[in-house]
Amino acid sequence: MKTPAENGPTPGLDFIRTIVAEDLEAGLHGGRVVTRFPPEPNGYLHIGHATAVCLNFNVALENGGVCHLRFDDTNPETEDIRYVRSITEDVRWLGFDWGEHLYYASDCFEQMYGFAEHLIREGKAYVESASEDEIRDARGSVTEPGSPTPSRSRSVEENLDLFRRMRAGEFPDGTHVLRAKIDLASPNMLLRDPVLYRIRHAHHYRTGDEWCIYPLYDWAHPIEDAIECVTHSICTLEFETHRPLYNWVVENIPVGCRPHQYEFARRNLEHTVMSKRKLLELVEGGYVDSWDDPRMPTVAGLRRRGVTPEAIRTFADLAGVGKTENRIDIGKLEFAIRDDLNQRVPRVLCVLRPLKVVITNFPEGEVEHLEAPYYPRDVPREGSRVVPFTRTIYIEREDFQEDPPSGYHRLAPGNEVRLRYAYVIRCDEVIRDERGGIAELRCTYDRATRGGKTEGRTVKGTIHWVSADHSVECEVRLYDRLFLVPDPEEAGEAWKETLNPESLVVIHGARIEPSVREDPPNTRYQFERLGYFWRDPIDSESEAMVFNRTVMLRDTWVKQGEAAEELPTKPKAEVRVERHAETSTSAPEPERSAALEARRERYVRELGVGDAEGEIITREDATAELFETAIATGATPRTLANWIVHEVPREAGERALSELPFGGQELGRLVVLLEDGTLSSSAGRDVLAEMTTRGGAPDEIVERRGLHQISDPEKLGLLVDEVIAQNAKKAAEYRDGRTGLLGFFVGQVMRKTGGRANPEVASKLLESRLR
RNA sequence: UCCCCCCUGGUGUAAGGGCAACACAGCGGUCUUUGGAACCGCUAAUCCACGUUCGAAUCGUGGGGGGGGAACCA
């Protein structure tokens, strides 16, 4: 077991977990963490959903919180009870428990309606009577603001009356909608008076005919979260632009809880598709047999293929969480599956394409019972079964070659090979059929190698086999990746042409050792040298066994062959050569008032402010004012401008300058302290941080926290020696030429002094003493 | 065209001013009654430019590339 130190830095949390940890730290939400998995019951869950399920449940679990399962059933036209059943089953199968927290959006319809009336009374929503097309036209475009429709100016009373009559069913579909009154000129189109309710005289699978108006996602979802007191509402990236609307809703309705939405990039997988539409097309077009076809990336498909929930959860961990578009290597999923199965399933022997072998020196009619362990020595599990050995056996056709390539370890004329758990045999003769094909092999066995023992002799190859008389015929379905290419969507409309014609190869007449007849039907196996398999849960009768291949074994032998055929890959440099050399160096000048332009001129020409900085601080009056007030303190304009542009925004974050609790006076003073050597730039940032959060005068903060810079070479020298002594190994590396470590040492000195050391002096001292 | 988000080895994720890390894949080796597993080693990355800084993958500006957004879908 490695210690964390030997393992290097401990891996950091993903950005979602970081936010949750910070919120907990800050005591938000009363220390509670509540997440939710909110599927719409209009399709089957796939592996992308599965990673989202894992994320939501695990984030809650890791923080002592709970995760709700909530069906987002606000669209009666597409949703169905059978999907809630399959989704429920899938989430449970994945191993997650929502306890009592099973919810339906449709249970909140009454409350949502109430909040809508509240909005109307507040003058924040109105009934729109324009047609769908008219609404769209009036919404404007990305470059032009929208314009109000006549409905927008209706009175509260009229809106209330109309909305109640909408609910009462007085109007046909599409005649009216309820809209939020937000901002028709917003650059975010979603804020241009979004539709909250539409009329649909449709039967809902849960509420029946109780409602004829249904809420839209942007209205329903935040309310559901708020009602359930969800703290962290995790969704996918395409909802990023919805967040301001989400916030608007939770801030404008009278509920006690204030959830926040965070978006992550859905996990995509190589060699498959995930969209509901494409998956449906595969099923309906007969490209696969069903939603639970083992080639489908659906949870049901993976389950039927023999994948374990543990493997899927491991895969989710391996894939991680991020905000980048991604397509995860299918090898990662396969690794997770093998890694799980390797540790837990018994090995058995099965021959896919049998080749008859007669052991000529083994007596006819005799049966030898050999004991074979179920697990290899490196898997800490017990158990064995008996395999019968007879005069006639079958081996894999692939395991014999008349003219083997070099490095081939299996059977060939005159060669020896070990039969797993049995004997070493030698091939003496090849018997042909009429067409010249190989019909049968005549071999002799070495009685002394019983159980496969070969003392004093090396037999490189070991192959699997079954007794001809005792083995059981079975069907084996070899599943492979569904698409030939990693990203089928890249082919556009032709995506189905990239389907892998060999994604399913059915083998009839395979032969498996008899012991499996005694096993429970849901037993998973490794067929030695072939892969992991289990019986198809639907098509497998006890008489006619059907096995699905869950995943192949890693095969470094095949890979060697493939690698040889592989074309040399293009050097990466090629891609990089053609960079846009012609990018203009002068930044385009945004429009600004004549007054601001005059200031920019003066700052840059007369005060020595940098070009870029001068341009930035004259974009807005407030910034220029801050700058002017600050130079009055005697700070050097150039340095001051640098701090305003490069340091202040970092601390300020989302806040505007006017919201900060300090002004030019304080900022100027801070820069003066920096310039006269009182403060190191590192400590200066600390001071600025405090000024930003709490306000206060720089001098006072420096005094109180004792942040005066240490520039005295003697004092620093002592610290430098200490740091070198404490990091002797690194010092040696540095002296060996790893000079990049200088930053590390400076960092150590800075840390030791709480940022008070003069880094320039420290750096010089380090350089000379490390020489 | 306007707004928002993203860009670290082949892939996915860390490091969020101070040692570019982990996993998968790949390559080589040890071991092996599975050409499996395990173990050891190696290869391989911060989109570009300029700036701020003692020090930039990290902060700033600009550019490039990718994704999302104007449903009475979610």
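Letters go in sequence order (proteins before strands), and every chain restarts at 1.
At the heavy-atom level, A/Asp218 lies nowhere under 4.0 Å from the strands shown. Using a 4.0 Å heavy-atom cutoff across all strands shown, A/Arg751 reaches no nucleic acid atom at all. A/Leu237 comes within 4.0 angstrom of no nucleic acid atom, judged by non-hydrogen atoms across all strands. Within 4.0 Å of A/Asp378, counting heavy atoms only, lies at least one base atom of the nucleic acid. Across all strands, A/Gly610 comes closer than 4.0 Å to no nucleic acid atom at all (heavy-atom distances). A/Ala130 comes within 4.0 angstrom of a nucleotide base, judged by non-hydrogen atoms across all strands. Residue contacts shown for A/Tyr214 are absent, as no nucleic acid heavy atom lies under 4.0 Å away.
Remark: the A/Lys323 side chain and the B/C6 base include no donor-acceptor N/O pair separated by less than 3.5 Å. Between the side chain of A/His242 and the base of B/A74 there is at least one donor-acceptor pair of N/O atoms closer than 3.5 Å. No hydrogens or angles were tested; on distance alone, nothing pairs the side chain of A/Glu615 with the base of B/U61 as donor and acceptor under 3.5 Å. A donor N or O paired with an acceptor N or O is found under 3.5 Å between the base of B/A23 and the side-chain atoms of A/Lys332.
The listed nucleotides are B/G69, B/C19, B/G35; the one nearest the side chain of A/Arg738 is B/C19. If you check B/C54, B/U53, B/C19 against the side chain of A/Val746, the one that comes closest is B/C54. In this structure, of B/U61, B/G35, B/G69, it is B/G35 that holds the atom nearest to the side chain of A/Arg410. Here the nucleotide nearest the side chain of A/Asp329, chosen from B/U1, B/U11, B/C19, is B/U11. For A/Asn342, taking side-chain heavy atoms from C-beta onward, the closest of the listed nucleotides B/C72, B/C6, B/G36 is B/G36. Nearest nucleotide to the A/His646 side chain, out of B/A70, B/G18, B/G51: B/G51. Closest approach to the A/Thr556 side chain among B/G36, B/C59, B/A70 is made by B/G36 (side chain taken as heavy atoms from C-beta onward). The side chain of A/Arg200 approaches B/C72 more closely than any other nucleotide in the set B/A70, B/U52, B/C72. For A/Asp72, whose side chain is taken as the heavy atoms from C-beta onward, the closest listed nucleotide among B/C2, B/G67, B/A74 is B/A74. The side chain of A/Pro759 lies closest to B/C54 when the candidates are B/C54, B/G68, B/U11.
Of the P atoms belonging to B/C7 and B/G12, the separation is 12 Å, rounded to the nearest Å. Rounded to whole Å, the separation between the C1' atoms of B/C4 and B/A70 comes to 13 Å. Comparing the same atom, P, in B/G10 and in B/G26 gives a spacing of 15 Å after rounding to whole Å. Separation of the P atoms belonging to B/A57 and B/G18 is 10 Å when rounded to the nearest angstrom. Taking atom C1' in both B/A74 and B/G63, one finds a spacing of 36 Å when rounded to whole Å. Going from the C1' atom of B/A21 to that of B/U58 covers 15 Å, rounded to whole Å. Between B/C54 and B/C59, the two C1' atoms lie 16 Å apart (nearest whole Å). Between B/A45 and B/U13, the distance separating the two C1' atoms is 13 Å to the nearest Å.
Here A/Arg267 reaches the OP1 or OP2 of B/U13: one of its side-chain N or O atoms lies under 4.0 Å away. OP1 or OP2 of B/G35 has not a single side-chain nitrogen or oxygen of A/Arg554 nearer than 4.0 Å. OP1 or OP2 of B/A71 sits under 4.0 Å from a side-chain N or O of A/Arg136. In terms of phosphate contacts, A/Arg139 brings a side-chain nitrogen or oxygen within less than 4.0 Å of OP1 or OP2 of B/C72. One finds a side-chain N or O of A/Thr74 lying less than 4.0 angstrom from the OP1 or OP2 phosphate oxygen of B/A74. Side-chain nitrogen and oxygen atoms of A/Thr462 include none within less than 4.0 Å of the OP1 or OP2 phosphate oxygen of B/U32.
Between A/Glu396 and A/Arg529, none of the side-chain N atoms (NZ, or NE/NH1/NH2) sits under 4.0 Å from a carboxylate O, so this pair counts as no salt bridge.
For A/Gln526 and A/Tyr532, the side-chain atoms include at least one donor-acceptor pair closer than 3.5 Å. No hydrogens or angles considered: nothing links the side chains of A/His242 and A/Glu263 as a donor-acceptor pair under 3.5 Å. Of the N and O atoms on the side chains of A/Arg418 and A/His409, not one donor lies less than 3.5 Å from an acceptor on the other residue.
You cannot call A/Tyr217 stacked on the base of B/A74; the centres under 5.5 Å and planes under 30° rule is not satisfied.
The ring of A/Tyr217 has its center closer than 6.0 angstrom to the ring center of A/His221. Aromatic rings of A/Tyr525 and A/Phe533 (six-membered ring for Trp) have centroids beyond the 6.0 Å cut-off, not under it. Residues A/Tyr421 and A/Phe389 place their aromatic rings such that the two centres sit no closer than 6.0 Å.
Taking atom CG of residue A/Leu318 and atom P of nucleotide B/A25, one finds them 10 Å apart after rounding to whole Å.
Along RNA chain B, the nucleotide nearest to A/Tyr197 and the one nearest to A/Lys453 differ in position, and the one closer to the 5' end is contacted by A/Lys453. Along RNA chain B, the nucleotide nearest to A/Arg638 and the one nearest to A/Val195 differ in position, and the one closer to the 5' end is contacted by A/Arg638.
Distance alone, capped at 3.5 Å, places no donor-acceptor pair between the A/Thr175 side chain and the A/Phe171 backbone.
Pairing for B/A21 goes to B/U13, judged as Watson-Crick or G-U wobble with the two contacts each under 3.5 Å.
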